[in-house]
Amino acid sequence: MYTAAAGWCLPRLNNSIAAGASAECDNYTAIHVRFGFRTPQSEAQLIVKYEPVIGLEIHAQLRTRTKIFCGCSTAFGAPPNSQVCPTCLGLPGALPVLNRQAVDFAIKAALALGCAVQPESIFARKNYFYPDLPKGYQISQYEKPLALGGAVEVTAAGKTTQIGLTRIHMEEDAGKSLHEGFFDSDRNTYVDYNRSGVPLIEIVSEPDMRSAAEAAEFFTHLREVLVSIGVNDGNMEEGSLRCDANVSVRPAGQAKFGTKAEVKNVNSFRYLQKAIEYEITRQIEVLEEGGRVMQETRLWDSSTGRTHSMRSKEEAHDYRYFPEPDLPPLVVDTARIEAVRATMPELPEARRRRFVAAYALPEYDAGVLTQSSELADYYEQVARDSGNPKAASNWVMGELLRTINDRGMNIADVPLTPAALAGLVALVDKGTISSSIAKDVFGKMFDSGRSADDIVAADGLAQNSDEAALLAIVHDVMGKNADAVTQYRAGKNQTFGFLVGQVMKGSGGKANPKLANELLKRELNR
Amino acid sequence: MADVLNRTAREIRDEVAGGTLSAVDVCGASLDRMDAVNPALNAFNHIARDRALERAGEIDRQRASGATLGPLAGVPIALKDNMCVKGMRTTASSRILDNFIPPYDATVVARLERAGAVIVAKTNCDEFAMGSSNENSAYGAVKNPWAADRTPGGSSGGSAAAVAARCVPLSLGSDTGGSIRQPGSFCGVVGFKPTYGRVSRYGLLAFASSLDQIGPFGRTAADAALALSVLAGPDGADATTATEPVPDYLAALTGDVKGIRIGVPRAFVSEGVDADVRRTFDEALETLRAAGATLVDVELPHAKYAIPVYYLVATAEASSNLARYDGVKYGYRSPHGKDSLKALYSRTRDEGFGPEVKRRIMLGTYVLSAGYYDAFYLKAQQVRTLLRRDYEKAFQKADVVAMPTSPMPPFKLGEKTDDPLQMYLADVFTVSANLTGAPGISIPCGFAAGRLPIGLQLTGRMFDESTLFRIADAYERLTDWHTQSPVI
């Protein structure tokens, strides 16, 4: 059962809350049926006839050790209500104190996205009642956010567009209401306040996107930047990165925006594009049927692939924002901004361009390798230590990423060091082992931490480049496969491959392939 | 042993430290006195007998072992029931917190106990410190020790009455619009509101965060100064505490007011003031003038807007501060709210809050609502800035500003309960100090007919508490109002 550590707080709610939630769900009955077009126009024609307009609001958890206004841990997955204190539980008399690290991370994100960090920003209270909001208000920023402006360049469907950013503000997360999964979930809701007070930034874009694909690309890019500068872990499953989309459509050529709907609860990359696409189609359909799009908040339901009305404009909360009197204005001077800027790593975009230029990598390789700064760091060390950037790229993108993905690991947890992998690359380059043997060696190295040299020596895997020994095997193969030899000599070159294979097999796979080729060809042509 | 309660906090501390008085004996006397007078006064929500005696015993043991004792060693102190003491029921005199036991100490509690003070009781007050008569308590009104049919003032009425009735030499109150100074005036004791940010609010149940400030009651200015020297100073748990250095308040008590310029806003204090209040006010000023202070005229042109501004700002903040009392996590939960989440909230809050608290939550909610924010809240904050400028200007000519603490002597219980506006006007001279953040003190300066105490209020420059203590202490040396005590 979810109870608070000290026993004085019982975040177990009575039946009323489950009942309340289901009452809200009644709104869900107003579900629109998808693609009920009664006109003969195709979907593609309609998309041409209308232009979607999309803006995103992205919530990113800052990777601080402690919460934004108290010293509680932010670690994910701890027992419910084990990381709480008077402040993040909203106990009477408790007060917030701003986490400096959270501010520095927010500044870092703002700088990476080209936003102007404001010399003074103001925290504000956003007032609304909900059981997982312990104070009855969320401390956020409203009229004076931490950062303004900024832009991100996004390429979708071959078209590059500047997506403007409106603002970045800091705020605290709420707790988590658990409506399901308990024996009495039909009557009770449980609340876990571990997440209450976790630091977030909200990044608000301008309504500059014109397709779901563009929005998905924008979100991907933003995630990449936030992860690469170390302020967010990019983990959507754990909720440390979340996205709401403001979607509207307007007749092509019309300057005025259509009425927008806010789509919430899009909790994975896969669903962002789908949810937006669904919403675009839904709105077009409403207009085509002569209806009007209502300004409302809609929830994405990944199980049905639809959005449902959550609340209308009329039902929208009046949050009664006002400046938070418990916190002084947040003053950020130039020195602090410069100190944060000094910790900024190379951004993915710049690193990608450098990889192409410095290591002569294809664009695609550079793109894959700069997905995260950890991966890019790993690659760079392998490239440097092995002296063969292209081979290093092939290994990292091939065997390494495949193994990591198969095992669901993070690059940080890989036991194989970049230096060891570089050793393997070098052995192949020197011709000590073949590429195919190298793959086996890789498998043995990955978990053991042993060096490639060790494994090759211990298992006797070094390539056989002994001409006399190989010649004996060639003669043996030719003797046993007289038909094939005859056919080759009669001009049927295809049998050569078969014979090489037999030589490799005869050597236990260790024959130096180049030498084996040469010797076989020489003996056949003799 | 009962006469020990006639001693000041400083005397008790010195005797306990010197070994001529045991902390347990002092504590016992205080507890007995509270038990004796509480049926008549209703000043205490909770008397912490066992815990207090245990703490007092600890002080005596420390002394016996030769340890250096703190500046409040063995001094019994009562706290307004809106400050958290770990493990001690804390209600803010509200039904909604009837069963609330905090799991942590307020910063002031930690500082008092580190200084050796012995917390003996939690005092009755207006619910969530909202009121000027102590009649808004879920546990009933506190009676004025000088006249049982009169209010002790509010909202810290219990803390003021506890000192006036010689139950404790010191108590703490909180002052959001006059809630220390006005009951100090009504009960004939010293009530001190420090500069905003001087004392940590961590662990104080918030009413209006930008106005609330904790401060002491005592029978002398010196005791209040001693208490403030323990309470004051920055606190890492309260981001609004000031880093301003804390001066030696006791060293400021020179007994001399020569050269002090006392500003008097004649126009502002001429209207709607009771005749006895006006008489004692003029006499007090004359006493100080005769002792060498200079009286200067100052103007506070925006002070007349202070009450409306105060009731916009304070209610707005209160509506948000009190949102956490929702029946979900702690405190009262209505058994009648099972139909829906909305019902849980509305029934809990309807049954848990008293009428004045509900009135202010509704006012504040309205003030912050979309479409009204600019006209009310923002406008109020602008006037607040103008008021601050009034005071800055006044302090160019004067070291302190003097006003009556209250325009009237203690009024009768029930007299204003039907007319909230009349009740609000009782704060006309005190709210400005909260809106500007300035420190203020109320000191006994005479009696109205029927031995009803009257207080003189002095407001100082930001962070200049010393001058207030200095004038108050000098005034005590010239008068004997502060030595008089009620017969209960």
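Below, read A as the first sequence line, B as the second, and so on, with proteins coming before strands; counting in each chain starts at 1.
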Tell me, side chain or backbone of [X] under 4.5 Å from chain A's heavy atoms, or both, or neither?
| X | result |
| --- | --- |
| B/F128 | neither |
| B/L205 | both |
| B/R349 | side chain |
| B/A370 | both |
| B/N82 | neither |

Contact leader toward chain A among [options], where contacts are heavy-atom pairs under 4.5 Å:
| options | result |
| --- | --- |
| B/M83, B/R324, B/Q381 | B/R324 |
| B/S209, B/S320, B/A343, B/A323 | B/S320 |
| B/D326, B/T365, B/V367 | B/T365 |

Relative to each other, are the rings of B/Y330 and B/F100 parallel, tilted or perpendicular (30° and 60° limits)? tilted

Could you label the plane-to-plane angle of the B/F207 and B/Y310 rings as parallel, tilted or perpendicular, counting under 30° as parallel and over 60° as perpendicular? perpendicular

Please determine whether the number of non-hydrogen atoms from other residues, nucleotides or ligands lying under 6.0 Å from atom [atom1] of [X] exceeds 12.
| X | atom1 | result |
| --- | --- | --- |
| B/Y373 | OH | yes |
| A/F257 | CZ | yes |
| B/K358 | NZ | yes |

Looking at chain B, which one of A/P96, A/P92, A/C70 has the largest number of heavy-atom pairs inside 4.5 Å, strictly under? A/P92

Please determine, among A/G90, A/G136, A/P328, the option with the most heavy-atom pairs under 4.5 Å with chain B. A/G90

Do the numbers put A/K126 on top of the ring of A/Y319, so that NZ or CZ is under 6.0 Å from the six-membered ring centre and no more than 45° off the axis? yes

A/Y137 ring centre to A/K135 NZ or CZ under 6.0 Å, with the angle to the axis within 45°? yes

Measuring heavy-atom distances to chain B, does A/D318 have an atom under 4.5 Å in its side chain, in its backbone, in both, or in neither? side chain

Portion of A/F322 that has a non-hydrogen atom of chain B nearer than 4.5 angstrom: both

Go through it in stages, so that I can follow the logic: the residues are B/Y377 and B/Y372, the test is ring pair (Phe, Tyr, Trp, His ring centres under 6.0 Å), and I'd like the CA-CA distance, side-chain angles, deciding distance and then a yes or no. CA-CA 8 Å; B/Y377 185 81; B/Y372 298 99; over 10 Å; no

